[in-house]
Amino acid sequence: MNFSIVVPIYNEEDNISDLYRAIITALDATDTDYEIIMVDDGSADGSFSALKAIAAQDLRVKVIRFRRNFGQTAAMSAGFDAASGDIIIPMDGDLQNDPADIPRLIEKLHEGYDVVSGWRSDRKDTFVTRKIPSILANALISRLTGVHLHDYGCTLKAYRREVLDGINLYGEMHRFVPALASQVGAKVAEIPVNHHPRLHGTSKYGISRTLRVILDLMTVKFLLAYSTKPIQLFGKWGVYTLLAGLGSGSMTIYMKVFEHYSMNRNPLLILTAFLLFMGIQFIVLGLLGELNARTYYEAQGKPIYVVRDRVNLG
Ligand code: UDP
Ligand code: MG
């Protein structure tokens, strides 16, 4: 068993040497092989020089440097792609996550899980801009994805590599990996981990992250529930809207015939036109979605199912 620690780094020059020391202190105590993949996400400070200096002395430290800032999700993705370990452990590069938790994450993984998510049960961040949005977001994500975790946002997690192999990340989606993994049959667990206040450097995010997370959640929910059958979502709403349009149209005619209410003065006429138009649009969107689904799955030779075992099939 060997591990790959993956760390996204964006302007963390004052944290890098302490981080490196904390990681090797925690992992040298275990008797496993490991590598540390540091991904410099286009830092404008001395982060890359600091990383290079460490990598020059320790071959277990591998460094990738982006040409510009692509974001934390891209940085983590690059680290996952480069990782050679059987177990992959992402963590923040600002020392807010504690490498001393890594052996406990691994222990939990060995109890038979594929993903172990860290939960910053005593989170050291501001209350209004961080903890409140986080509580709401985690409740919403848990409900919509059906994977109940207290802390999707905690970067410190442990994954078996097979789980990450089939998952491609876009936008701000690194936090949704447990939900995406569970979709392909991964067993997910959660354990409380330490969290420290940020001592050096500044946070890279503000409150606007909440909106981006909600938008990504919509994407994830859609992909999880409808990526193989978009017509089931759009077609359903198309039919409802058409029925409402027909209802409202019938009402307009009824009022004209029996109540002598002129059609062109009846607001229901506009509603009817709007609903019928919307209904057709929804259905057409669903059909276009079906075409896209076929391109998506068939062009990549992606099956729409995940197999656990095969017997007598070679
Ligand atoms: N990070 C990154 N690229 C970015 C933003 C952040 O690689 O565009 C890294 C950052 O250096 C840190 C981690 O992602 O290692 C988490 O960022 P931060 O500590 O600012 O987030 P917070 O803890 O405030 O949620
Ligand atoms: Mg942080």
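Counting convention: from 1, in listed order, for ligands and their atoms alike. In what follows, every heavy atom counts, from backbone to side chain, and hydrogens, waters and symmetry copies are set aside.
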Engineer: Are there over 12 heavy-atom neighbours, none belonging to Tyr297, within less than 6.0 Å of that residue's OH?
Structural biologist: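 Check passes, neighbour count above 12.
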Engineer: Around atom CZ of Phe274, are there more than 12 heavy atoms from other residues, nucleotides or ligands closer than 6.0 Å?
Structural biologist: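 Counting other residues, nucleotides and ligands, CZ of Phe274 stays at 12 neighbours or fewer.
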Engineer: Look at the rings of Tyr159 and Phe80 and say which category their plane angle falls in: under 30° parallel, 30 to 60° tilted, over 60° perpendicular.
Structural biologist: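 Perpendicular, since the angle between the ring planes exceeds 60°.
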Engineer: Taking side-chain hydrogen bond (donor to acceptor under 3.5 Å, both in side chains) as the criterion, tell me which of Arg175, Lys157, Glu190 meets it with Ser117.
Structural biologist: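 Result: among Arg175, Lys157, Glu190, Lys157 is the only option passing the side-chain hydrogen bond (donor to acceptor under 3.5 Å, both in side chains) with Ser117.
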Engineer: Counting only heavy atoms not in Lys52, do more than 12 fall under 6.0 Å of its NZ?
Structural biologist: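 Counting neighbours around NZ of Lys52, 12 or fewer heavy atoms of other residues, nucleotides or ligands fall under 6.0 Å, so no.
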Engineer: Could you pull out the N/O/S protein atoms under 2.8 Å of the Mg ion (ligand 2), ignoring any water?
Structural biologist: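 Listed by chain and number: Asp94 OD2, Gln96 OE1.
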Engineer: For atom NZ of Lys204, decide whether the heavy atoms of other residues, nucleotides or ligands shown that lie under 6.0 angstrom number more than 12.
Structural biologist: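 Counting neighbours around NZ of Lys204, more than 12 heavy atoms of other residues, nucleotides or ligands fall under 6.0 Å, so yes.
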Engineer: Might you list the protein residues in contact with ligand 1, defined as having a heavy atom under 4.0 Å from one of its atoms, sorted by chain and number?
Structural biologist: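 Ligand 1 pocket, heavy atoms under 4.0 Å: Pro8, Ile9, Tyr10, Glu12, Asp41, Asn69, Gly71, Gln72, Asp92, Gly93, Asp94, Gln96, Arg130, Arg198, Ser203, Lys204, Tyr205, Arg209.
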Engineer: Should the pair Asp28-Arg60 be classified as a salt bridge under the 4.0 Å nitrogen-to-oxygen rule?
Structural biologist: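 A salt bridge is present here (some side-chain N lies under 4.0 Å from a carboxylate O).
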Engineer: Indicate the ring-plane relationship of Phe70 and Phe66, choosing parallel, tilted or perpendicular according to the 30° and 60° boundaries.
Structural biologist: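 Perpendicular.
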Engineer: State whether the number of non-hydrogen atoms from other residues, nucleotides or ligands found under 6.0 Å of Arg212 atom CZ is greater than 12.
Structural biologist: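 Result for CZ/Arg212: enclosed.
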